[in-house]
Undergrad: 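One structure, pasted below without further comment.
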There are 2 protein chains.
Amino acid sequence: MTGATPTPFPAGAAHGDAAPDDPTGDLAVELRIALLRTARRLRSQKSVDDLTDAQFSVLAHLHVHGPRTPGELAEAEHVRPPSMTRTVAALEGAGWVQRTGHPDDGRQVLVLLTAAGAAAVEETRARRSAWLRERLARLDDDERATLAAAARLLRAVVQE
Amino acid sequence: MTGATPTPFPAGAAHGDAAPDDPTGDLAVELRIALLRTARRLRSQKSVDDLTDAQFSVLAHLHVHGPRTPGELAEAEHVRPPSMTRTVAALEGAGWVQRTGHPDDGRQVLVLLTAAGAAAVEETRARRSAWLRERLARLDDDERATLAAAARLLRAVVQE
DNA sequence: GCTACTCCTTAGCCTCGCTAATTACCAACG
DNA sequence: CGTTGGTAATTAGCGAGGCTAAGGAGTAGC
């Protein structure tokens with residue numbers, strides 16, 4: 001709205017460089033842009049013979065929380081069950097997880113990490129973080145502390 | 001590596017809750033997880049009759065920087081030219097951008113925002129940020145300041 | 001034992017990355 | 001002047017990973 005500007009050059013109007021004046025109003029916008037941009041960059045760090053992002057996320061979840069059913073994984077990853085079924089199938093095909101019947105409830109399935117999967121998650125985590133770690137090394141201590149605090153805050157913020 | 005743990009419950013080994021002891025080594029890991037998780041959550045905020053994430057990002061870029069060639073857009077978005085061609089084609093089909101020949105170089109194409117596109121980018125930006133804004137409102141001033149600083153830092157960090 | 005519910009899966013659609021190959025155009029050189 | 005090489009954009013086709021809708025297996029309750 002307000003939008004029908006016919007001129008194709010509203011440069012500098014939208015967000016410029018860093019939050020200009022309106023502290024709260026623009027924080028959400030600024031943060032959103034910064035987060036999505038960084039996340040895209042992080043995501044592009046994976047190589048071909050590698051876990052995909054969704055796969056890695058599931059593997060890491062299993063690594064931390066132990067065996068889970070597909071439904072639980074879907075909920076944890078904010079994804080629909082069919083999507084998780086496919087991701088789990090890919091992980092199983094690669095030998096990183098194993099699917100077993102649930103001991104009590106025949107409808108359910110338990111997904112658990114194999115030894116290879118546990119190794120993969122640790123190796124991949126280290127490698128994936130390398131790019132970011134190298135960038136963070138250029139910052140000073142205060143800046144790193146700020147980002148550490150931000151990581152904690154974001155964790156709380158997304159916690160629904 | 002270390003990995004052949006036969007026990008399926010290494011819970012608490014991987015990263016627990018928030019950076020445990022190693023301040024620099026884990027910052028990259030913690031931050032990566034927090035960023036990707038938040039970004040996924042933000043991305044899930046879009047509705048159907050809406051711009052996709054990639055489309056919105058291109059529109060916003062045009063809104064800020066003015067007309068660009070597909071190649072420039074691809075580089076800015078860290079995407080290969082064919083991917084950008086498709087995104088631009090979708091945007092053109094929806095009437096949000098317009099493609100015109102480059103005045104000097106017949107090989108190139110200039111992509112420019114239409115009035116509808118400019119309106120869409122502003123409306124969408126406001127709506128997409130609403131979820132995050134609501135979450136941020138629950139924080140205190142210090143916490144918001146931390147996130148604002150983090151957004152600026154991330155912007156610098158990804159700047160290649 | 002039939003019905004209803006729950007969980008997982010299959011089928012089929014879409015977006016959006018990618019690589020490889022094609023087309024259109026510019027520039028430079030014989 | 002024509003060919004030859006480089007560059008920009010596109011088309012073709014693949015894979016991952018979202019989604020909804022619909023199907024199959026198992027549990028639970030009447």
Side-chain angles (χ1 to χ4, degrees), chain A residues 36-37 39-59 61 67-94 96-112 124, chain B residues 36-37 39-59 61 67-94 96-112 124:
Chain A
L36 289 175
R37 186 174 300 183
R40 175 180 316 194
R41 202 54 185 282
L42 287 171
R43 195 164 289 121
S44 75
Q45 287 310 116
K46 60 171 176 287
S47 57
V48 274
D49 58 327
D50 209 358
L51 288 159
T52 68
D53 193 58
Q55 290 171 359
F56 175 66
S57 190
V58 169
L59 238 49
H61 188 89
R68 285 290 181 275
T69 68
E72 289 169 332
L73 289 173
E75 188 179 358
E77 299 287 324
H78 296 287
V79 152
R80 299 293 174 187
S83 304
M84 187 52 65
T85 290
R86 180 159 34 179
T87 299
V88 167
L91 290 173
E92 189 179 31
W96 285 315
V97 303
Q98 197 175 344
R99 240 189 303 213
T100 66
H102 195 288
D104 301 334
D105 187 339
R107 295 167 299 181
Q108 298 189 45
V109 168
L110 268 183
V111 182
L112 47 96
T124 302
Chain B
L36 290 175
R37 186 176 300 182
R40 176 180 316 193
R41 203 52 187 282
L42 286 172
R43 195 164 291 123
S44 74
Q45 288 308 117
K46 59 171 176 287
S47 56
V48 273
D49 57 328
D50 209 358
L51 288 159
T52 67
D53 193 58
Q55 290 171 358
F56 175 66
S57 190
V58 169
L59 237 49
H61 188 88
R68 284 291 182 275
T69 68
E72 289 170 332
L73 289 173
E75 189 179 358
E77 300 287 323
H78 296 288
V79 153
R80 300 292 174 189
S83 304
M84 187 51 64
T85 290
R86 179 161 34 182
T87 300
V88 167
L91 290 172
E92 188 179 31
W96 285 316
V97 304
Q98 197 176 343
R99 239 190 303 215
T100 67
H102 195 287
D104 301 333
D105 188 338
R107 293 167 300 182
Q108 298 190 43
V109 168
L110 269 183
V111 182
L112 48 96
T124 302

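A, B, ... follow the sequence lines: proteins, then strands. Residue 1 opens every chain. From a predicted model like this one, the values you see are computed outputs, not experimental measurements.
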Undergrad: Between B:Met84 and A:Ala90, which residue's closest nucleotide on DNA chain D lies nearer the 5′ terminus?
TA: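 Its nearest nucleotide being more 5', the pick is B:Met84.
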
Undergrad: Hey, does A:Pro70 reach any base, or is it just sugar-phosphate, or nothing, if we go heavy atoms under 4.0 Å?
TA: sugar-phosphate

Undergrad: Rounding to an integer number of Å, can you tell me how far A:Leu51 CG sits from C:dG17 P?
TA: 21 Å

Undergrad: Would you mind reading off the distance between A:Leu110 atom CG and C:dC7 atom C1', rounded to a whole angstrom?
TA: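 These atoms are roughly 12 Å apart.
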
Undergrad: Without swapping roles, check the side chain of B:Ser57 against the backbone of B:Asp53 for a donor-acceptor pair under 3.5 Å.
TA: no

Undergrad: Whole Å only: how far is the CD atom of A:Gln55 from the P atom of D:dG18?
TA: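 For the pair A:Gln55 CD and D:dG18 P, the rounded distance is 10 Å.
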
Undergrad: Would you state whether a donor and an acceptor, one from the side chain of A:Arg86 and one from the base of D:dG17, lie under 3.5 Å apart?
TA: yes

Undergrad: Is there a side-chain polar atom (N or O) of A:Thr69 under 4.0 Å from OP1 or OP2 of C:dC8?
TA: yes

Undergrad: Rounded to the nearest angstrom, tell me the gap between atom CD in A:Glu75 and atom P in C:dT6.
TA: 15 Å

Undergrad: A:His102 has an atom NE2; how far is it from atom C1' of C:dT6, in whole Å?
TA: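 Checked: the NE2 to C1' distance equals 13 Å.
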
Undergrad: If we only count heavy atoms from C-beta on, is the A:Arg68 to A:Val111 side-chain gap below 4.5 Å?
TA: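 A side-chain contact is absent here, since even the closest heavy-atom pair is not under 4.5 Å.
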
Undergrad: What's the closest nucleotide to the A:Pro82 side chain, out of D:dG17, D:dT20, C:dC18?
TA: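 Output: D:dT20.
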
Undergrad: Counting heavy atoms from C-beta on, name the nucleotide in C:dC26, D:dA9, D:dT20 closest to the side chain of B:Arg107.
TA: C:dC26

Undergrad: Can you tell me how far P of D:dA9 sits from CZ of B:Arg68, to the nearest Å?
TA: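 For the pair B:Arg68 CZ and D:dA9 P, the rounded distance is 13 Å.
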
Undergrad: Taking the side chain of B:Thr85 as its heavy atoms from C-beta onward, which of C:dA11, C:dG17, D:dT11 lies nearest to it?
TA: D:dT11

Undergrad: Quick one: B:Glu72 CD to D:dT7 C1', roughly how many Å, whole number?
TA: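 So the CD-C1' distance, B:Glu72 to D:dT7, works out to 14 Å.
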
Undergrad: Can you find a side chain N or O atom of A:Gln108 that sits less than 4.0 Å from OP1 or OP2 on D:dT27?
TA: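 It does not, given that no N or O in the side chain of A:Gln108 lies less than 4.0 Å from OP1 or OP2 of D:dT27.
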
Undergrad: Tell me the interatomic distance from B:Glu77, atom CD, to C:dG17, atom P, rounded to whole angstroms.
TA: 9 Å

Undergrad: Less than 4.0 angstrom between a side-chain N/O of A:Thr52 and OP1 or OP2 of D:dA16, yes or no?
TA: no

Undergrad: Looking at every heavy atom in both B:Gln108 and B:Thr69, which two are closest together, and how far apart are they?
TA: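 Here B:Gln108 and B:Thr69 meet closest at OE1-CG2, 3.2 Å.
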
Undergrad: Are more than 12 heavy atoms, taken from residues, nucleotides or ligands other than B:Arg99, located less than 6.0 Å from that residue's CZ atom?
TA: yes

Undergrad: On a heavy-atom basis, which atom in A:Val58 and which in A:Thr87 lie closest, and how many Å separate them?
TA: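 Nearest pair, atom of A:Val58 first, then A:Thr87: CG2-CG2, 4.0 Å.
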
